[in-house]
Every structure is written in C-alpha cells, then in structure tokens.
Amino acid sequence: MTAAAEFIAVNACWVCGGTSFEVVEHAAFDLAEYRRQDPDLAAYSGRRVPIQRCTACDFAQPAALPALPQFFDRMYDQRWSDDWVANEHDAGYKDSIFADILAGLRERTRPGALLDVGAHAGRFIRLARAAGWDAEGLELNPKTAAYAAQASGGIVHQGNVHTFRPDRSYDAVTLTDVLEHVPQPIDVLSRVRDFLAPRGWVAIKVPNGPAQRVKEHLRAWLRPGYRATIADNLVHVNHFSGASLSRALARAGFDDVTVVAAAPELPPGTRQWPRLAAFRLSRAIPRGSSLPVSFNLQAYGRRD
C-alpha cells in the first residue's frame, strides 16, 4: 500500500455543519483500470469508506476522503473512445430530463446566456441553443469538452467549477447529474451563484439519496449475490434528500428555492411506463419528492 491510498477524515456535515451521523452504506474502491494511467489512483483499489447520514439534515457523505491530491479530477480523466463520446452526444436517454429543465427555466425567466456545468458531450447545450438560449458549457474532461463544442456549436470551456473565471454573467446555470460528484457542495453552489447575473436562476438535477438507497437494497434482496451500492469509488460523494438539497441552496444564498421530483432517464429498450408513472405521481402530490419512487430530484434557485 502506498501513501497515495491514505484518507482524511470528514468530521462535519457539508450542508449543515452537524457532527452526529449514522452509517448507511459503504463505498468500495476498484480503480485497477488506472494502473498504467495513474498508479497512485489505482492504489486505492480494495479500500472501503463508510457513507454516513447527518441526523440533523438528512444529507449523506463519506466519513473520509482520499488524501491523494486532485483525486476526483484524476478519476474523471477517463480516456473514452471517439465512438463512445459521439454516441453519448447522440443518445436521447436524458432528453426527458433536459426538456423538463428547459421548461422549468422557461417558467421562471426568458432565454438568455446559459452555462451548462458538466457539459459532457454537449447534447444539452445543443438542445438549449435550439430553444433560444445562448448556451455554452464547462466540462472537466478535455476530450468530451472538445467534442461538445464541435457538436453543439457552442463555446465549451475546459476546466472545473472552482478554477473557471467567466468573462460574462449568465442568466441561468444548469448542473445535471453533476453536484453529486463534487465534495463540499455549498462551495460549489456558492461558486455557481457568482456566475449568475442578478435574478439569474440555477437548475440542478441530482439522485435522491434516500430513494436510491431503498432501490439498491431492494435489488439486493431480490437478486441474491447483488451488492447494494450507491457510492463505489465515491463516484457519488454527495447524497441529497429533498430537504437537504433545499437547505444547501438556501445556505449558498439562493432565494425562491423549489425542489421537486426529476424527470427520469429513458434508455431505449427499457420499460419506460413505470418510470414515467412514478415521476408523474411524485409531481402530482404534495411533497412527492420524498416518495421512495422519486429516484431523482430537480431543484431551482434564484440569485437576488
């Protein structure tokens, strides 16, 4: 074992600062695929870390983080094939989510300048531009950032949210399946708030932590040999409930915060009606985002 595989304890809740926790899951590390690309990252293979829920606000996070500098940036420096990246841009499995985000923004503001944080292969940027937004992106992975710019026709900045220095303010910032991947979510949200023009809006989509835990443990019960996991390799480092997501946005300085059930992913070949039915039910009733069938959360907040 090398020094690269050490951890730093996380003693306080990233959302509310609480120090009382209960363990709800364990994250295992298997980073052997990085053996040649990044041996220090691969050295974490075989280690485990508890995921613990704050008893004060219901947010869950790791009990410790890898001490390796830029652990998350290094883990997301994946060398995908050209075909895989192109297929990600062309695939429509998140189109219901993207359409829902654009509809939610349209209810709150007119199309203007938009920054998509975690732009991936650029499909959302392309759809936002078609809907009238002057959309550009921010993407950590150099390969997907370059492809996103070429395929969407928009500017895509390569880098992360903490180091990005925009040359303009945005009327909207979107983070779709991004906030769960970055430690210290209040810092991320505060940084995003700085990108916004006065009265600009942020739109966030994340997994619903409590519902995802129920789903994974049900799978393990139904399928002997299946190991329930929501956080291996700390790919998901933040685990929000609806209440803790709302609290995080308020702590970061956002007003008019709304948290609802998010539209589902609809991959081709899957049974889509159960996902759509669960989504529509969760949207139709008060506090539907807290239902165990509401697997994802959509949130909006306004900068004053």
Side-chain angles (χ1 to χ4, degrees), residues 89 94-140 144-145 147-182 185-206 240 242 245-263 283 289 296-304:
H89 179 86
K94 284 191 176 182
D95 281 0
S96 61
I97 297 169
F98 295 154
D100 191 51
I101 291 168
L102 291 170
L105 288 172
R106 190 166 57 245
E107 291 172 1
R108 292 166 170 82
T109 188
R110 295 178 180 177
L114 181 149
L115 178 70
D116 185 34
V117 176
H120 194 46
R123 186 173 180 88
F124 177 77
I125 299 174
R126 192 185 87 194
L127 296 174
R129 289 171 67 83
W133 288 88
D134 178 14
E136 57 189 58
L138 175 64
E139 170 57 37
L140 181 64
T144 48
Y147 188 89
Q150 176 263 315
S152 70
I155 296 169
V156 178
H157 309 272
Q158 193 273 314
N160 70 45
V161 70
H162 297 296
T163 59
F164 178 52
R165 298 291 182 269
D167 57 9
R168 64 169 172 167
S169 296
Y170 298 94
D171 301 294
V173 176
T174 55
L175 298 94
T176 304
D177 294 323
V178 171
L179 193 61
E180 67 268 28
H181 298 290
V182 190
I186 302 296
D187 291 349
V188 177
L189 291 171
S190 298
R191 187 85 188 101
V192 164
R193 185 180 179 277
D194 290 341
F195 299 159
L196 286 166
R199 303 194 68 79
W201 286 88
V202 66
I204 295 166
K205 185 261 178 181
V206 294
F240 291 97
L245 181 56
S246 178
R247 186 165 184 166
L249 282 160
R251 280 201 62 197
F254 288 97
D255 296 320
D256 290 344
V257 173
T258 302
V259 179
V260 295
R283 277 282 176 93
S289 61
N296 295 280
L297 301 170
Q298 184 68 49
Y300 298 91
R302 178 180 55 81
R303 176 177 180 170
D304 58 17

Colleague: Could you check whether Asp171 pairs with Arg110 (Lys NZ or Arg NE/NH1/NH2 to Asp/Glu carboxylate O, under 4.0 Å)?
Modeller: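 Salt bridge: no.
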Colleague: Between Glu107 and Leu105 (side chain of the first, backbone of the second, donor and acceptor by atom type, cut-off under 3.5 Å), is there such a pair?
Modeller: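 Such a contact is absent between Glu107 side chain and Leu105 backbone.
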Colleague: Is the backbone of Gly104 close enough, under 3.5 Å, to the side chain of Arg108 for a donor and an acceptor to pair up by distance?
Modeller: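 Looks like yes, one N/O pair under 3.5 Å.
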Colleague: Please determine whether a side-chain nitrogen of the Lys or Arg among Lys94 and Asp177 lies less than 4.0 Å from a carboxylate oxygen of the Asp or Glu.
Modeller: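 So Lys94 pairs with Asp177 through a salt bridge.
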Colleague: Any donor-acceptor pair under 3.5 Å linking the side chain of Glu136 with the backbone of Asp116?
Modeller: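 Absent.
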Colleague: For Arg193, is there an ion pair with Asp304 - N to carboxylate O distance below 4.0 angstrom?
Modeller: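 A salt bridge links Asp304 with Arg193.
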Colleague: Examine distances only and state if a side-chain atom of Arg303 and a backbone atom of Leu196 form a donor-acceptor pair shorter than 3.5 Å.
Modeller: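 Indeed, once roles are kept as given, a pair shorter than 3.5 Å links the two residues.
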Colleague: Could you check whether any side-chain heavy atom of Asn160 comes within less than 4.5 Å of a side-chain heavy atom of Val182, counting everything from C-beta outward?
Modeller: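 A side-chain contact under 4.5 Å is absent here.
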Colleague: So, the side chain of Glu139 versus the backbone of Ala119: is there a donor-acceptor pair under 3.5 Å, distance only?
Modeller: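 It does hold such a pair.
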Colleague: Aromatic rings Phe164 and His157: how do their planes relate, parallel, tilted or perpendicular, breaks at 30° and 60°?
Modeller: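 Answer is tilted, since the angle falls between 30° and 60°.
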Colleague: Strictly distance-based, threshold 3.5 Å: is any side-chain N or O of Arg251 a donor or acceptor partner for the main-chain N or O of Ile186?
Modeller: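 It does not hold such a pair.
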Colleague: Just by modelled atom types, is the Val260 backbone N or O under 3.5 Å from a matching donor or acceptor in the Arg283 side chain?
Modeller: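 It does not hold such a pair.
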Colleague: Is it true that the NZ or CZ of Arg123 lies under 6.0 Å from the centre of Phe98's six-membered ring and within 45 degrees of the ring axis?
Modeller: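 No, Arg123 does not sit over the ring of Phe98.
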